[in-house]
> 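Before I ask anything, here is the structure I am working with.
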Amino acid sequence: MQKSAVYREITTDLLNWYQRHARILPWRTEAQQNKVDPYRVWLSEIMLQQTTTAHAAPYYLKFVERWPTVEALAAAQEADVMAEWAGLGYYSRARNLIKCAKEVVASGGEFPDNEQGLLALPGIGRYTAAAIVAIAFGKRAVVVDANVERVVSRLFAIETPLPASRPIIAEETDKLTPDLAAGDFAQAMMDIGATICVNRQPTCAICPMMPHCEGQKTGNPAAFPIKAPKKIRPTRIGYAFIVTSKDQILLIRRPDKGLLGGMRALPSSEWLDQSKITTTASDAETEQQAIKEAFPSFPAQAQKKLMTLAWEKQGHIEHIFTHFALELRIFSAETTSDMIEGEYWPIDEIDLAGLPTVFKKAVKKYLKQTRKA
DNA sequence: GATCCGTGGTC
DNA sequence: TGACCAAGGAT
């Protein structure tokens, strides 16, 4: 058999499989009724970046209910969007989501139907641009995500490790991608990757591509894709401060850029690498310094008041980020809202504040410490 | 190319 | 139980 014929056969088998086994997902409902809304495809693709379908689904449903159109999203209060995103992670996605919606509305309210136009929008990269073109507009595009990387690496038993193998993977995916139904093909590949050709123990016996899979023939398909070794994760230490006034907690808003950017948060010090902490300073000195860092924009007078509050140690929580682990030490103090000004949030409604998980954990720890009696 | 950027599930 | 991973993008 000619090589090109093998590619065609793989593609056909996959598309036939997809007809029978496509997963039912919230953002697919419209597509399965031939009513594709580029806004919804875009929203789902942004949410699905490095995020499981199970985690993204409830957020997607909340978003489309609250903001059914790109115009509605563009007109939303940014703080509301950030708060709805809380818990999904990678918060630059939410900031770029808002920016992107505004740009689309400003230029007429329609998403571009080509990769070049989509790539120019914030938060849309190679993968997302191709996915939107194929799924929302029904045009041919070569869609490569982590699923496709894994499936293709196994299908052709690619020995080159990631990420160096990406050009090879893209080339092979291009050969497999049909002119028609590129969107179905991409989603079929992702479904295969998510349900059959999974990371650890692929169930090759039920895979429609098994007859053509070189990785399966090696006897150890799970060995692919071969990956470069990862770096170790350092530990950082930081201080978070719970300033209460009656039954309310003082919250701040983090700077737009960087970690947890734009999110509501507890005031906290810089998070320093464990190895870089000066061990000569006393605990008291370290805590004073941490307070200064946690309230940088506060007037000097307010900072002085903060220093003199009766701080109580509430233990610490641990949290794992992508590239470091954090030990966050928690201190609390009672004050009055006119003594230390800022946004105070009722403790009983703290879940509505849209706090990232690390700060939710800290508040929970504080409540456990102070209300256990 | 390498690094930064969350979270929850899995084994 | 710690390490790995999931529909990646920006710099």
Side-chain angles (χ1 to χ4, degrees), chain A residues 22-23 25-28 31 40-60 82 85-97 99-100 118-136 141-151 161-167 173 183 185-195 197-201 222 225 227-236 254-263 265 271 318-326 354-361:
Chain A
R23 287 179 292 174
L25 298 168
W27 43 88
R28 275 186 189 170
R40 294 186 173 218
V41 173
W42 162 72
L43 178 63
S44 67
E45 289 301 338
I46 301 298
M47 287 185 168
L48 288 164
Q49 289 166 3
Q50 295 289 284
T51 306
T52 58
T53 55
H55 193 188
Y59 286 84
Y60 172 82
M82 299 306 290
W85 197 277
L88 250 193
Y90 285 141
Y91 299 99
S92 68
R93 290 186 295 171
R95 302 195 297 275
N96 284 331
L97 190 81
K99 278 192 204 168
C100 183
L118 288 163
L119 279 169
L121 292 167
I124 298 182
R126 296 267 299 270
Y127 161 76
T128 305
I132 293 173
V133 164
I135 298 170
V142 179
V143 181
V144 182
D145 76 321
N147 286 302
V148 176
E149 284 182 353
R150 185 171 57 255
V151 172
L162 280 172
S165 59
R166 293 218 165 105
T173 308
F185 172 78
Q187 295 183 85
M189 289 287 274
M190 293 191 276
D191 277 16
I192 290 279
T195 62
C197 198
V198 293
N199 184 40
R200 300 208 170 153
Q201 291 194 294
K227 292 183 181 175
K230 304 216 164 170
K231 297 180 64 177
I232 56 159
R233 186 178 1 241
T235 295
R236 296 184 193 174
R254 291 174 67 87
D256 277 326
K257 294 190 175 179
L259 188 73
L260 309 175
M263 300 300 289
W271 301 347
E318 292 173 4
H319 189 75
I320 308 294
F321 292 94
T322 305
H323 56 295
F324 67 91
L326 175 67
L355 291 178
T357 301
V358 63
F359 296 116
K360 267 195 188 176
K361 273 194 207 174

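Side chains included, hydrogens not; waters and symmetry mates left out as well; all remaining heavy atoms used. In the text below, chain A, chain B and the rest are named by the order of the sequence lines, each starting its count at 1. Note that the structure is predicted; figures quoted are calculated from it, not measured.
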> Distance between the C1' atoms of dG8(C) and dG1(B), in whole angstroms?
16 Å
> Is Leu97(A) close to Trp42(A) at the side-chain level, that is, under 4.5 Å between some pair of heavy atoms?
yes
> Do Leu259(A) and Arg254(A) make a side-chain contact, defined as non-hydrogen atoms from C-beta onward lying under 4.5 Å apart?
yes
> Please give the distance between the P atoms of dT11(C) and dG6(B) as a whole number of Å.
14 Å
> Expressed in angstrom and rounded to an integer, what is the separation of Phe321(A) atom CZ from dG8(B) atom P?
11 Å
> Need one value for Leu260(A): base, sugar-phosphate or nothing, where a base atom within 4.0 Å counts as base even if backbone is also close, heavy atoms only.
sugar-phosphate
> His55(A) or Gln201(A): which one's nearest nucleotide on DNA chain B is closer to the 5' end?
His55(A)
> Kindly assign one of parallel, tilted or perpendicular to the pair Tyr60(A) and Trp27(A), based on the angle between their ring planes and the thresholds 30° and 60°.
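The rings of Tyr60(A) and Trp27(A) stand perpendicular, inter-plane angle above 60°.
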> Looking only at atom C1', what distance separates dA7(C) and dA2(B), rounded to whole Å?
23 Å
> Once you round it to whole Å, what is the distance between C1' of dC5(B) and CZ of Arg254(A)?
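Checked: the CZ to C1' distance equals 12 Å.
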> To the nearest angstrom, how far is His319(A) atom NE2 from dT7(B) atom C1'?
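After rounding, the gap between these two atoms is 7 Å.
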> Restricting to salt bridge (Lys or Arg N to Asp or Glu O under 4.0 Å), what partner residues turn up for Arg233(A), sequence neighbours left out?
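Once residues adjacent in sequence are excluded, Arg233(A) has no partner under the salt bridge (Lys or Arg N to Asp or Glu O under 4.0 Å) criterion.
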> In whole Å, what separates the P atom of dC4(C) from that of dT3(B)?
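Between the two P atoms, the distance is 15 Å.
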> What's the CD1-P distance between Ile232(A) and dA3(C), to the nearest Å?
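Checked: the CD1 to P distance equals 10 Å.
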> Produce a footprint string for nucleotides 4-11 of chain C: one letter per nucleotide, 5' end first; B if the base is under 4.0 Å from any protein heavy atom, S if only the sugar-phosphate is, - if neither.
SSBBBSS-
> To the nearest Å, how far apart are Arg166(A) CZ and dA2(B) C1'?
12 Å
> Residues two or more places apart in sequence or in another chain: which of them pass side-chain hydrogen bond (donor to acceptor under 3.5 Å, both in side chains) with Gln49(A)?
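Once residues adjacent in sequence are excluded, the partners of Gln49(A) under the side-chain hydrogen bond (donor to acceptor under 3.5 Å, both in side chains) criterion are Thr128(A).
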> Is any side-chain heavy atom of Ser92(A) closer than 4.5 Å to one of Arg95(A)?
yes
> Quick check on the 6.0 Å ring-centre criterion: do His319(A) and Phe321(A) meet it?
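Under 6.0 Å, so yes.
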> Closer to the 5' end of DNA chain B via nearest nucleotide, is it Arg236(A) or Pro163(A)?
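Counting from the 5' end, the first nearest nucleotide belongs to Pro163(A).
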> On the nucleotide dC5(B), are OP1 or OP2 found under 4.0 Å from the side-chain N or O atoms that His323(A) carries?
yes
